Amino acid sequence: MASNASPPAFRPPAFPPSGAAPSADGALVRALRRVGLEPSDRGHLVGVAVVLVVGLGIFPDALSLFWVDTFIQVAIYAVVALGLGLLVGQVGMFSLGQIAILAVGSWTAARLDYATHLPFVVVLLAAGVVAGVFGVIVGLPALRLSGLDLALITLMFAGAVTVVLNTTNFPNGGHGFLGYTSSPFGNPPIRRPSFAGTDPAYLRYSIVVGLVLFLLVIWHVRTKPGRAWATIRQSESAAYAAGINVTFYKLWAFALAAFVTGVAGAVLAASAPELYNTQFATQNSIELLAVVLMGGAYNLWGAVAAAFFLDFIPSLLNTWNLSSFLLIILFGVGVIWVLVTSPTGFAGQFPKDMARLGRALRRLATKGRGAPPMAPAVPAGPTMPSAMPAGPTMPSPADRPEPAGGAR
Amino acid sequence: MPSWSDFEPYIFTGLASGAVYAVSGVGMVVLYRTTGVLNLAYGAIGALGALVAWSLMNSAHWPAGAAYVACIAVAAAVTLLYGMVLGPPLARRDPLVKAVSTLGLALVLLGAMSWIWSQNASAYSMTLVSTNWTFSIGQILVNWTQIIALIFAVVVAVGTGTFLRRTRLGTVMRALANDREISATLGVPVRRVEAAAWLVSGVISGIAGLILSDIVALDATTLTFLVISSLAATLIGRLRSLTVTFFAGIVIGLVDALANPFNAIYNYKDMTPFVLAIVALLFLSRRRSAARTSRMA
Amino acid sequence: MRHRRFRLVVAAAATLTTLTGGLAYAGVGGVSGASATHATRTAHAADTFSLSHCGLGNGKKATGTPIPLGAIVTNQPGTSFTDITNTAQAYFNCVNQNGGIYGHPIKYYVEQEQTNPAQVAADAKKLIQSDHVDGIVGNTSIIDCAVNGSYYKAKGFYIIDSGIASQCYGSSYSATVNMGPRYSSDGAAQYVIDHGAKKVVFDQSNVPGTGYNAGGVQLIAKAAHVPFVGLTENVPITDATSVAEKEVQAAGSGGAVVLNFTPPEALVILQAAQKLGLENRVTWACSTPCNTDFLAKALGPQWNGKLHVNAELNLPSAAGTDLALYRKVMQQYAPSVALGSFSQMGFLEGEIATSALLTIQGAYTPKSVNAAFVAVKDFKTSFLCKPWYYQKLPVHLPNNTDRTVTPQNGKMVQEQGCFQISAVDPVVKYIRGIEKKMNL
């Protein structure tokens with residue numbers, strides 16, 4: 001169990017291990033390993049490079065501001081989804097309180113901004129730390145509860161936080177850290193870093209912050225905490241037996257997830273001219289779990305897919321002038337559809353579908369050249385997601401032992 | 001410090017709002033115990049039924065009784081359809097995945113209801129016939145819908161409890177909710193028993209929809225997301241005890257209402273369901289392993 | 001065929017616009033002779049914009065290059081203001097069928113939002129920078145003024161809107177046809193105090209800006225030496241009976257309760273009060289949102305004359321030239337939208353924008369269109385008690401005199417004719433001073 005050096009979760013089959021690394025790069029490989037990366041991450045690195053080039057270089061200036069604003073939200077919510085994905089996918093703990101933690105991060109950032117002249121990076125870190133502490137508090141029940149019970153008690157936390165946000169007219173913009181104003185002119189805008197004042201620049205900033213947080217999480221997953229989490233996920237008793245400090249690592253997961261969520265909250269606070277409590281409704285936490293399951297909680301790219309589901313697709317449909325109520329219906333259908341058809345989520349399903357599509361295309365190509373068709377074992381429907389993908393290397397939710405539900 | 005007379009009226013309003021939590025909570029626990037699904041669309045389904053009944057009464061001029069039956073029929077049909085179509089493919093998944101899937105249903109229904117019924121930014125309301133039957137206790141006017149809500153919650157709690165424990169079908173349902181495959185191997189007609197469970201819980205959500213649309217509001221959003229605070233009662237009942245869920249609902253309603261005279265905490269009183277659930281669950285979970293062992297026996 | 005004619009017209013429009021500037025419009029639209037001069041054009045606009053028909057009212061379909069206008073509207077479960085933009089669209093459709101703006105149809109871009117500030121900010125940028133709208137008309141969003149105010153200001157936009165957030169009133173870039181929660185609540189409080197309330201309880205939904213909204217009522221109560229109690233409720237209200245009980249207890253005998261809620265929330269409170277038999281215990285009053293026949297119908301005859309609603313706009317059934325046109329346009333172009341305050345606001349905003357567009361000499365650009373918007377003054381309409389104006393002012397509250405209505409057998413009827421919102425409220429006092437000075 002303890003020799004499970006890295007969970008297979010972050011290695012989707014589309015990016016197969018490349019075998020031996022080129023020997024000339026030995027030093028580089030060692031350097032990578034030291035920060036938790038493996039040569040087999042080439043696929044990921046290519047993906048990250050694409051995100052960097054497109055996201056930082058081409059995108060922000062080529063897009064209209066509408067899409068720039070949309071992608072800022074995608075970058076922020078990818079990190080929020082990453083936090084929940086970490087809890088669900090790595091440790092097997094379900095939280096329905098992540099949006100409340102996001103609100104704590106946003107609130108801390110907004111109030112620090114009103115009260116102080118701290119540099120933006122310090123505000124980000126402070127928001128992350130405060131949210132992290134809050135996350136540990138929310139995570140305390142996880143020491144005793146699991147599965148549905150844990151999810152629901154975190155939902156109760158989120159509900160309580162929502163009431164506080166409403167009652168205090170969150171975030172309000174009086175002077176100082178706790179000041180209250182009833183001025184008709186509302187709250188002062190929240191500062192952005194001086195070099196990222198414009199929307200395209202802030203998109204770049206959001207992507208960079210997001211990447212740093214992704215790397216932070218990957219580093220955790222690839223090193224000692226990740227191994228401990230994997231063991232806890234598979235069997236808590238085994239983890240105890242192996243001498244793993246289960247209490248510490250469970251809370252550490254909550255703290256880390258809350259930290260990245262809190263930092264994302266700070267980025268969110270400065271993304272639009274105003275903050276509103278409507279952004280942090282209790283039901284949004286359930287929606288977040290829905291999109292994380294849709295994107296794929298067991299895969300790094302799932303968090304990015306989840307953010308696209310949450311922010312990009314609604315904006316896209318909105319530009320087609322569909323009724324916003326139709327969007328809610330489509331979203332609901334999408335949740336059910338993905339949950340039923342791809343238990344590994346979009347990020348788990350997509351590479352398989354692509355591989356299948358590739359095989360189908362190859363077969364078409366060989367057919368066109370008059371070559372004999374490939375073996376009939378290849379599935380017929382090229383892009384149809386199968387109802388129950390086998391996914392031998394991926395721990396899918398269906399394979400997991402069900403947490404002890406109340407019905408037992 | 002407020003005096004006793006300040007609290008008096010709130011005992012009755014508290015019981016009425018406690019009935020709301022009890023009705024929603026008990027209904028959700030019934031479905032969970034019979035099918036193993038925590039139905040987050042419970043409120044949305046009831047709201048849909050109630051809005052259909054409203055339209056039938058106001059646009060098609062149906063008599064009230066027929067519209068109420070239509071409400072229950074719509075709720076039962078939607079619940080049954082969902083259970084039959086999506087129950088089997090999700091049967092082996094984590095309970096939370098099942099719950100999130102019902103959130104999908106809730107969103108579909110919420111979007112549809114908003115589209116159909118709230119375009120005109122108008123206010124809907126449906127006063128049940130029983131609301132017009134009133135009597136006074138001291139200075140307080142009580143109506144029969146509030147009494148019916150309490151009776152309904154009691155009947156569902158006691159009736160379902162007895163049914164699940166004493167009848168054959170009830171035993172089979174419990175077995176199914178616990179382990180679908182073993183039950184199937186033992187010769188349980190899975191599809192038919194599940195259909196019965198979904199149908200009955202659909203009927204319950206329809207009746208609850210009628211009652212809640214009168215006591216709370218005939219508003220799709222309010223009723224849909226009322227499940228979140230109602231989950232507090234089910235959580236205190238650990239998603240299995242109907243009796244505890246019922247009383248938890250009543251206590252939540254009472255505490256919430258009795259906080260009214262305290263001006264300092266007036267707006268924070270809405271935290272009541274959440275705080276009570278957290279406290280209760282943390283307290284209960286201390287004795288969890290012992291309790292579970294005894295339950296399993 | 002039609003396609004080619006359209007292209008011809010477009011080409012002609014483009015050429016003539018560049019060649020002769022403002023002189024060309026009439027010729028392109030075929031409204032009047034191409035020899036129109038500045039002077040005659042202005043006179044022409046004044047003649048043709050009459051409140052008895054849409055725009056020019058000549059029955060000719062406008063086929064020129066469209067004039068893009070935009071709007072942002074809240075549309076989410078529980079809160080939908082699309083009646084306003086749908087009605088503005090209906091009016092623009094009627095204008096486009098009746099000569100348009102000298103042959104140019106109005107193209108109306110409407111963005112729906114769900115109170116997410118990032119989305120609302122993105123929507124404004126889409127309208128102004130991607131759709132290249134010339135003006136913003138009919139905005140009705142819970143958060144738009146707060147989120148996009150500085151953006152509109154920076155881009156030189158003067159929006160004609162229905163305001164909700166306090167920023168819609170206290171700003172140079174927004175003029176509203178309604179008077180918003182604070183001043184409408186002022187009016188409702190004035191009514192109950194004038195009718196002998198011994199205490200005023202003001203209850204509202206707990207959203208940003210509650211302190212500001214309560215401020216006016218508090219001042220009015222203080223000036224009349226009537227005790228004031230301010231309450232807030234978290235929405236959605238799930239325990240309306242307790243809320244109603246709390247309000248009535250706070251008001252005491254002879255007191256009054258002033259509600260500032262959306263129609264559904266106000267309805268649950270009032271119905272809960274009725275279920276508890278409290279409708280006669282205090283005087284009930286409401287800010288504008290309660291002014292819908294829907295609410296009157298849902299409340300039923302028990303509430304006849306017992307609820308006093310401040311009405312920012314006239315009753316949909318009232319007499320008046322443009323009210324008659326409003327009913328006609330609604331029937332023909334928007335039969336599914338209900339008659340009521342919301343559709344009246346959309347209609348009025350459409351009328352004001354159209355009349356302003358018809359005064360423009362030269363090309364239709366954001367600059368010229370917004371200059372025309374801000375120049376509006378003395379716009380006489382039967383929807384409002386006084387003529388409406390925009391003008392370059394630091395704050396805008398052109399609608400500050402209104403009526404009181406009350407339910408009567410399922411309909412709202414007028415209870416009190418036009419009266420001024422009290423100048424005890426400092427903003428109203430300031431506005432009255434400006435109006436006097438500028439003769440508005």
Side-chain angles (χ1 to χ4, degrees), chain A residues 88 94 96 140-141 143-145 147-153 155-164 166-168 281-283 286-287 289-290 292-294 323-341 343 387-388 397-398 400 402-408, chain B residues 32-33 36 38 40 86 89-90 92-116 118-119 174 177-178 224-225 228-229 231-232 234-235 237-240 266-271 273-278 281-282 285-286 288 292 295-296:
Chain A
V88 173
F94 287 90
L96 288 175
L140 280 176
L143 303 178
R144 286 197 193 126
L145 302 169
L148 206 51
D149 283 339
L150 174 61
L152 291 180
I153 200 168
L155 182 67
M156 296 295 116
F157 270 113
V161 168
T162 308
V163 175
V164 174
N166 287 340
T167 305
T168 56
T282 314
Q283 59 262 28
I286 314 180
E287 274 181 26
L289 179 61
V292 165
L293 292 176
M294 284 163 76
S323 160
S324 54
F325 298 138
L326 186 61
L327 300 190
I328 298 176
I329 297 176
L330 289 177
F331 186 74
V333 172
V335 168
I336 297 175
W337 173 255
V338 177
L339 289 185
V340 170
T341 57
M388 271 300 181
R400 270 154 211 284
E402 296 203 355
R408 270 155 217 271
Chain B
Y32 187 74
R33 285 191 60 185
L38 181 68
L40 297 176
L86 292 167
L90 292 171
R92 293 180 56 219
R93 304 285 293 278
D94 190 282
L96 226 98
V97 174
K98 293 182 194 171
V100 168
S101 171
T102 63
L103 174 78
L105 174 65
L107 291 175
V108 170
L109 294 178
L110 179 64
M113 286 187 283
S114 304
W115 209 357
I116 300 170
S118 63
Q119 285 294 53
R174 279 191 297 153
N178 254 353
T224 299
F225 293 119
I228 293 176
S229 40
L231 275 173
T234 68
L235 201 48
R238 300 307 300 271
L239 285 169
R240 71 180 317 281
Y266 181 58
N267 283 126
Y268 291 99
K269 73 188 167 59
D270 297 333
M271 291 167 80
F274 308 121
V275 171
L276 284 184
I278 292 168
L281 197 57
L282 288 182
S285 64
R286 288 173 61 183
R288 181 172 174 238
R292 187 168 49 173
R295 269 212 304 277
M296 297 286 273

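Just so we're on the same page: letters track the sequence lines, and every chain starts at 1. Treat the numbers as computed from the prediction; the structure is a model and nothing was measured.
- Proximity of B:Tyr32 to A:Leu148: side-chain heavy atoms (C-beta onward) are separated by under 4.5 Å at one or more points.
- Heavy-atom distances place the side chain of B:Leu103, and not its backbone, under 4.5 Å from chain A.
- We find the OG1-OH distance between A:Thr168 and B:Tyr268 to be 5.5 Å, quoted to the nearest 0.5 Å.
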| request: Evaluate the criterion side-chain contact (heavy atoms from CB on, under 4.5 Å) for residue pair B:Leu96 and A:Leu293; output intermediate values, then yes/no. | output: CA-CA 10 Å; B:Leu96 226 98; A:Leu293 292 176; 5.8 Å; no
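- Interatomic distance, CZ of A:Arg144 versus CG of B:Leu281, reported as 10.0 Å (0.5 Å rounding).
- Summarising the geometry, atom CE belonging to B:Met271 is positioned 11.0 Å from atom CG belonging to A:Asn166; distances are rounded to the nearest 0.5 Å.
- Minimum interatomic distance between A:Leu339 and B:Arg93 (heavy atoms only, all atoms of both residues): O-NH1, 2.7 Å.
- Within the 4.5 Å cutoff, side-chain heavy atoms of A:Ile153 are placed close to those of B:Leu282.
- Across B:Asp270, B:Val275, B:Leu235, the residue that shares the most heavy-atom pairs under 4.5 angstrom with chain A is B:Leu235.
- With a 4.5 Å cut-off on non-hydrogen atoms, B:Leu109 does not touch chain A at all.
- Heavy-atom pairs under 4.5 Å with chain B were tallied for A:Leu326, A:Val333, A:Thr162; the largest tally goes to A:Leu326.
- If you tally non-hydrogen atom pairs under 4.5 Å between each of B:Tyr266, B:Phe274, B:Phe225 and chain A, the highest count goes to B:Phe274.
- In this structure, A:Val163 and B:Lys269 have side chains that are not in contact, with every pair of non-hydrogen atoms separated by 4.5 Å or more.
- Your options are A:Leu96, A:Leu155, A:Val338, A:Ile328, and the one with the most heavy-atom pairs under 4.5 Å with chain B is A:Ile328.
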| Worked check of side-chain contact (heavy atoms from CB on, under 4.5 Å) between B:Leu276 and A:Met156 | CA-CA 9 Å; B:Leu276 284 184; A:Met156 296 295 116; over 6 Å; no
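- Residue contact with chain A, scored on non-hydrogen atoms closer than 4.5 Å, involves the backbone and the side chain of B:Ile228 alike.
- Heavy-atom minimum distance, B:Trp115 versus A:Ser323: NE1-OG, 3.8 Å.
- Looking at B:Ile278, the atoms closer than 4.5 Å to chain A (heavy atoms on both sides) sit in the backbone and in the side chain alike.
- Contact record, A:Val340 with B:Pro89: CG1-CB, 3.8 Å, taken as the closest heavy-atom pair.
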